[in-house]
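In listed order, ligands and their atoms are each counted from 1.
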Amino acid sequence: PGRRLPLPDADDEIRALASALNALLARRDEATDRLRRFTGDAAHELRSPVASIRVQAEVAVAHPDPELSQEVLAEVVHESQRLSVLVDGLLTLARSDAGELPPAEPVDLAAAAAAAVRRCPEDGPTVQLHLPPTACWVSAAPSEVELVLDNLLRNAFRHARAHVTVTVLPGNRTGRLVVDDDGHGIAAEHRQRVFDRFYRVQDDRARSSGGTGLGLALVAEVVRRRGGAVGVTESPEGGARFQVAWRAAADG
Ligand code: ADP
């Protein structure tokens with residue numbers, strides 16, 4: 001813990017002032033710690049794809065065998081893609097931390113969900129889409145809604161056994177998105193932490209499948225910045241249920 005002002009016992013006003021300043025100092029220390037941890041974690045995460053690309057490229061240079069080169073190049077492409085996703089994610093978080101948000105506008109969550117489902121690969125689990133009969137206007141940037149949908153669907157696809165369900169629920173004050181899968185779910189002790197930056201339940205699995213540990217942190221960041229909420233519980237389908245609520249927008 002950093003330095004704190006002593007609390008003199010003479011004057012109530014000065015005491016109150018000193019303790020208010022101490023509270024501010026404590027908040028500043030926490031923010032500094034968080035930033036330090038984030039920078040360290042980010043560097044650590046960037047290291048592994050960069051090291052892998054470097055080693056693969058060195059192998060290819062040392063052994064000019066066309067068959068091996070193809071294999072090596074495929075691995076380099078895979079790791080470069082992971083690196084791009086990671087860097088894009090870090091940039092989005094940095095902008096958001098700096099308070100730079102794209103302008104909010106009414107976004108139709110129902111249309112966005114339908115479009116995101118159309119982007120899903122066809123050979124994966126089956127997807128059921130439950131949409132309201134009318135549009136579901138929420139207040140956000142279109143890119144944020146897309147980020148949330150793509151990340152939650154990608155995770156659901158990665159973890160589902162056979163089935164994913166996407167539901168859009170309009171309300172008076174909020175528009176909600178629910179993504180269910182029938183996978184192994186997330187144990188209760190991990191549920192809060194999966195929204196932390198770089199947190200993974202199973203490290204190796206997430207890495208080899210191209211995960212960055214930033215997907216859900218980005219989801220939580222862009223939603224909370226707009227006054228919305230995110231959460232994960234157990235799905236009635238057996239796996240994980242991710243829920244997101246945005247503020248409803250007045251109209252389209
Ligand atoms: P990653 O890119 O590594 O998947 P995320 O932030 O998207 O990172 O997810 C964090 C962790 O939460 C993952 O490592 C994974 O273990 C767990 N997780 C996310 N979605 C699901 C899901 N639908 N079912 C089970 N576990 C999940």
Exercise. Kindly write out the residues that satisfy salt bridge (Lys or Arg N to Asp or Glu O under 4.0 Å) with Arg225, not counting sequence neighbours, or none if the list is empty.
Key: Glu221
Practice problem: Of the side chain and backbone of His159, name the one, both, or neither that has a heavy atom under 4.0 Å from an atom of ligand 1. | Solution: side chain
Self-check item: Which of the ligand 1 atoms, numbered from 1, are nearer than 4.0 Å to a heavy atom of Ile186
Solution: 18 (N), 21 (C), 25 (C), 26 (N), 27 (C)
Quiz prompt | ligand 1 to His184 polar contact by distance, N or O atoms, under 3.5 Å | solution = no
Quiz prompt | 4.5 Å side-chain heavy-atom contact, Thr165 and Val179 | solution = no
Self-check item: Any Arg154 heavy atom less than 4.0 Å to ligand 1
Solution: no
Quiz item: Hey, is Asp181 one of the residues with a heavy atom under 4.0 angstrom from ligand 1?
Solution: yes
Quiz item: Has Glu67 got more than 12 heavy atoms of other residues, nucleotides or ligands less than 6.0 Å from its CD?
Solution: no
Exercise. Ignoring angles and geometry beyond distance, decide whether Ala217 reaches within less than 3.5 Å of ligand 1 through its nitrogen or oxygen atoms.
Key: no
Practice problem: Only heavy atoms count here, so choose which of Val201, Leu153, Asn155 is nearest to atom 16 (O) of ligand 1. | Solution: Val201
Quiz item: Can you list the ligand 1 atoms lying under 4.0 Å from a non-hydrogen atom of Tyr199?
Solution: 10 (C), 11 (C)
Quiz item: Phe242 near ligand 1, heavy-atom distance under 4.0 Å?
Solution: yes
Quiz item: Have Arg82 and Ser48 got a donor and an acceptor in their side chains that come within less than 3.5 Å?
Solution: yes
Self-check item: Arg158 near ligand 1 by a heavy-atom separation under 4.0 Å
Solution: yes
Quiz prompt | Minimum heavy-atom distance between Ala240 and Val232, given as atom pair plus value | solution = CB-CG2, 4.3 Å
Quiz item: So, for Leu153 and Val117, which heavy atoms are closest and what is the spacing to 0.1 Å?
Solution: CD1-N, 4.1 Å
Quiz item: What are the atoms of ligand 1, with element, lying closer than 4.0 Å to any heavy atom of Leu216?
Solution: 5 (P), 6 (O), 7 (O), 9 (O), 10 (C), 12 (O), 19 (C)
Exercise. Using the side chain to side chain contact (heavy atoms under 4.5 Å, CB included) rule, pick out the option among Gln128, Glu237, His163 that qualifies with Asp180.
Key: Glu237
Quiz item: Can you list the ligand 1 atoms lying under 4.0 Å from a non-hydrogen atom of Val194?
Solution: 12 (O)
Quiz prompt | For Arg119, salt bridge (Lys or Arg N to Asp or Glu O under 4.0 Å) partners two or more places apart | solution = Asp150
Quiz item: Out of curiosity, is Gly185 lining ligand 1, as in a heavy atom under 4.0 Å away?
Solution: yes
Quiz item: For the residue pair Tyr199 and His190, does the interplanar ring angle fall in the parallel (under 30°), tilted (30 to 60°) or perpendicular (over 60°) class?
Solution: tilted
Exercise. Check if Gly183 has a non-hydrogen atom at a distance under 4.0 Å from any atom of ligand 1.
Key: no
